[in-house]
Amino acid sequence: MKPNDFVTVKGRLKRINDVLTLEYDSRIENAPSKKISEICNLFDIDPNYEPVSLAGRVITIRDQGKAVFAHIKDAESKIQIYVKIDVVGEERFSFFKDFVDVGDILGVKGKLFRTKTGELTVEVERFEILAKCLHELPEKWHGVKDPEVRYRQRYLDLIANPDVAKIFIDRTRIIQKIRDYFNSMGFIEVETPILHQIASGASAKPFITYHNALDEQLYLRIAPELFLKKLVVGGFNRVYEIGKNFRNEGIDIHHNPEFTMMEFYVAYWDYNDLMKFSEELFSYLAKEIRGSYKVKFGDYEIDFTPPFRKVRYFDYLREKTGKGKEFFLDERKAREFARELGINEERLTHPKVIDKIFDHVSEGDFINPTFVIDFPKILSPLAKTHREDSDLVERFELFIAGFEVSNAYTELNDPEEQNKRFDEQLKERKMGDEEAQMKDDDFITALEYGLPPTAGQGIGIDRLVMILTNSHSIREVILFPTLGSKK
RNA sequence: GGGCCGUUAGCUCAGUUUGGUAGAGCAGCUGACUCUUAAUCAGCGGGCCGCAGGUUCGAGUCCUGCACGGCCCA
């Protein structure tokens, strides 16, 4: 708290201590039973609706002398209140003028009416200060814009910027609809460990932590994948999890160190089934949340009308570079080509070089939902070999608005081959790739018991919410994004 | 990791080019006003100019470093 804040705080506190003690401790006698938006709707149905009790934060006060107008708000809506001296009485009226500040949580009881300009208003009969605001609120017209304040004190952002509150309400709606969708299809929602002995299931650097009683180093999970596939082995043929993953990497508009991932697995499906399913799911969500298959995102209009565009990984590279699969699978040629593109490939492994080249040439493409399919096997240690080409796997990534939103494949369920793929990852690791996957023998054992043919998919929930709420940074859809500590 | 930009009143921002007493609007405080709604009118207060050094008679302004944040690149 800065010195000047303290003057305000002290001033308001003193007044409370001198006069307001009882009021501050009191409970509202008629607790608000409805949200402000619900009360507005009630009046439309029945203009003679009986006296209402409601509560909210005071955001404006317009003093008229012997009457005061104010607005109070909750997360979604606001309503005007009208406090008149000849309704509440002289004593309470002067109490209101003396002690109710912008920012306070106020409980009111009264009748609904419309002003001459038609605004729905509560004519206040009784009011109580339910909580005191000791600070001045951000400015009513511009709100709070400083991104640091908005993220560190998100409550101020939510109070001052209604559009922001809307994004987070939409986020909840999106996740709710996803759950409903999967539950109605017979999926089981599960929770698997976040503390992992082995960080696997994705190519990423883990956070390391320590368990004292076990005397053992643990990792925060980078993906729930291996645990979920163990559950399919156990007979949970349709299973999903929504939860946080943690990756010890940089922060930018598409990355937060902790982020929300959904993963789901379906026995007896392959990646073609997942593509069809994804088209249905994503177009459904666009329609439910934005009311149309066509969704505005910045300058783009993203068209979710199925079917989505499909591009094969190496076909796309050939189209963009004139070079084919054999060229890129030749490490020396791939590296040389990467250098020509200005990519610093020295510290990258061969698979990463190919990946970088793909990112480089696809920059700005894939605005409408696009499946990039049939990835190189060396980039995909957990995916099943492609049925027509042993250099590839049956995998797709779904790009929307130019960035990856989802990743999926037909699962590798051959324990022997999985074991080999892990060994190849270990080699990459030894060559300095900290993101190469760790070998998980328990997972191999699970595969030895028999994983049915299965397809699995991950959806980056934060990124999906970005697109469906027209938000252009992941921090705009995470309530408290990761920030450095304020010294 | 690299480059660029930002950090001034509770909030939103001027002021930095060209060094010379710190500015506005909103918010706050005092007063007036019984249909206002960015209410209006009259008056008043409010600043470690991100932090630490340096140059200078003198630094919000110029230089160096650091912190936090934003954008772009890797």
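For clarity, every value in this text was computed on a predicted model and none was experimentally measured. In what follows, chains carry the letters A, B, and so on, assigned in the order in which the sequence lines appear, proteins first and then strands, with residues in each chain numbered from 1.
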Quick one: which of [options] gets closest to the side chain of [X]?
| X | options | value |
| --- | --- | --- |
| Arg475(A) | G25(B), G69(B), C71(B) | C71(B) |
| Pro147(A) | A27(B), G70(B), C71(B) | G70(B) |
| Lys66(A) | A27(B), C33(B), C68(B) | C33(B) |
| Gln80(A) | C29(B), U36(B), U12(B) | U36(B) |
| Thr115(A) | U34(B), C35(B), A74(B) | C35(B) |
| Leu483(A) | C35(B), A74(B), G70(B) | G70(B) |
| His71(A) | A74(B), U37(B), A38(B) | U37(B) |

Output all residues satisfying salt bridge (charged side-chain N to carboxylate O under 4.0 Å, His left out) with Asp146(A), sequence neighbours left out; order by chain, then residue number. none
Which part of the nucleic acid, if any, lies within reach of Gly250(A) when heavy atoms closer than 4.0 Å are counted: base, sugar-phosphate only, or nothing? nothing
Give one of base, sugar-phosphate or nothing for Lys116(A), where a contact means two heavy atoms less than 4.0 Å apart. base
For [X] and [N], give me the distance from atom [atom1] to atom [atom2], rounded to whole Å.
| X | N | atom1 | atom2 | result |
| --- | --- | --- | --- | --- |
| Leu156(A) | C11(B) | CG | C1' | 10 Å |
| Ile343(A) | G2(B) | CD1 | P | 21 Å |
| Leu348(A) | A74(B) | CG | C1' | 10 Å |
| Phe69(A) | C33(B) | CZ | C1' | 12 Å |
| His142(A) | A38(B) | NE2 | P | 14 Å |
| Lys205(A) | G1(B) | NZ | P | 10 Å |
| His135(A) | G10(B) | NE2 | C1' | 9 Å |
| Glu136(A) | G45(B) | CD | C1' | 12 Å |

Looking at [X], does any N or O in its side chain come under 4.0 Å of the phosphate oxygens OP1/OP2 on [N]?
| X | N | answer |
| --- | --- | --- |
| Lys84(A) | C35(B) | no |
| Arg62(A) | C33(B) | no |
| Arg114(A) | U37(B) | no |

Any N or O donor-acceptor pair under 3.5 Å from the base of [N] to the side chain of [X]?
| X | N | answer |
| --- | --- | --- |
| Asp63(A) | C33(B) | yes |
| Gln64(A) | U36(B) | no |
| Glu148(A) | U7(B) | no |

Please say whether more than 12 non-hydrogen atoms of neighbouring residues, nucleotides or ligands are located less than 6.0 Å from NZ in Lys73(A). yes
Please determine whether a side-chain nitrogen of the Lys or Arg among Glu476(A) and Arg150(A) lies less than 4.0 Å from a carboxylate oxygen of the Asp or Glu. yes
In whole Å, measure the gap between the [atom1] atoms of [N] and [M] for me.
| N | M | atom1 | value |
| --- | --- | --- | --- |
| C73(B) | U55(B) | C1' | 35 Å |
| G54(B) | C11(B) | C1' | 34 Å |
| U30(B) | A38(B) | P | 24 Å |

For residues [X] and [Y], determine if any side-chain heavy atom of one lies less than 4.5 Å from a side-chain heavy atom of the other.
| X | Y | value |
| --- | --- | --- |
| Lys97(A) | Asp63(A) | yes |
| Phe282(A) | Ile400(A) | yes |
| Lys320(A) | Asp365(A) | yes |
| Phe96(A) | Ile129(A) | no |

Need to verify one output field. Residue with the more 5' nearest nucleotide on RNA chain B, Lys356(A) or Ala70(A)? Ala70(A)
For Val149(A) and Thr60(A), find the nucleotide of RNA chain B closest to each by heavy atoms; which residue's nucleotide sits nearer the 5' end? Val149(A)
Given pairs defined as Watson-Crick or G-U wobble with both distances under 3.5 Å, what dot-bracket annotation applies to RNA chain B, with ( ) intrastrand, [ ] crossing, | other strand and . unpaired? (((((((..((((......[..)))).(((((.......))))).....(((((..]....)))))))))))).
Tell me which pairs pass ring pair (Phe, Tyr, Trp, His ring centres under 6.0 Å) where either residue lies in residues 456-477 of chain A, with sequence neighbours left out. Phe297(A)-His472(A)
Paired with Thr321(A), the side-chain contact (heavy atoms from CB on, under 4.5 Å) test is passed by just one of Phe337(A), Tyr316(A), Phe358(A), namely Phe337(A)
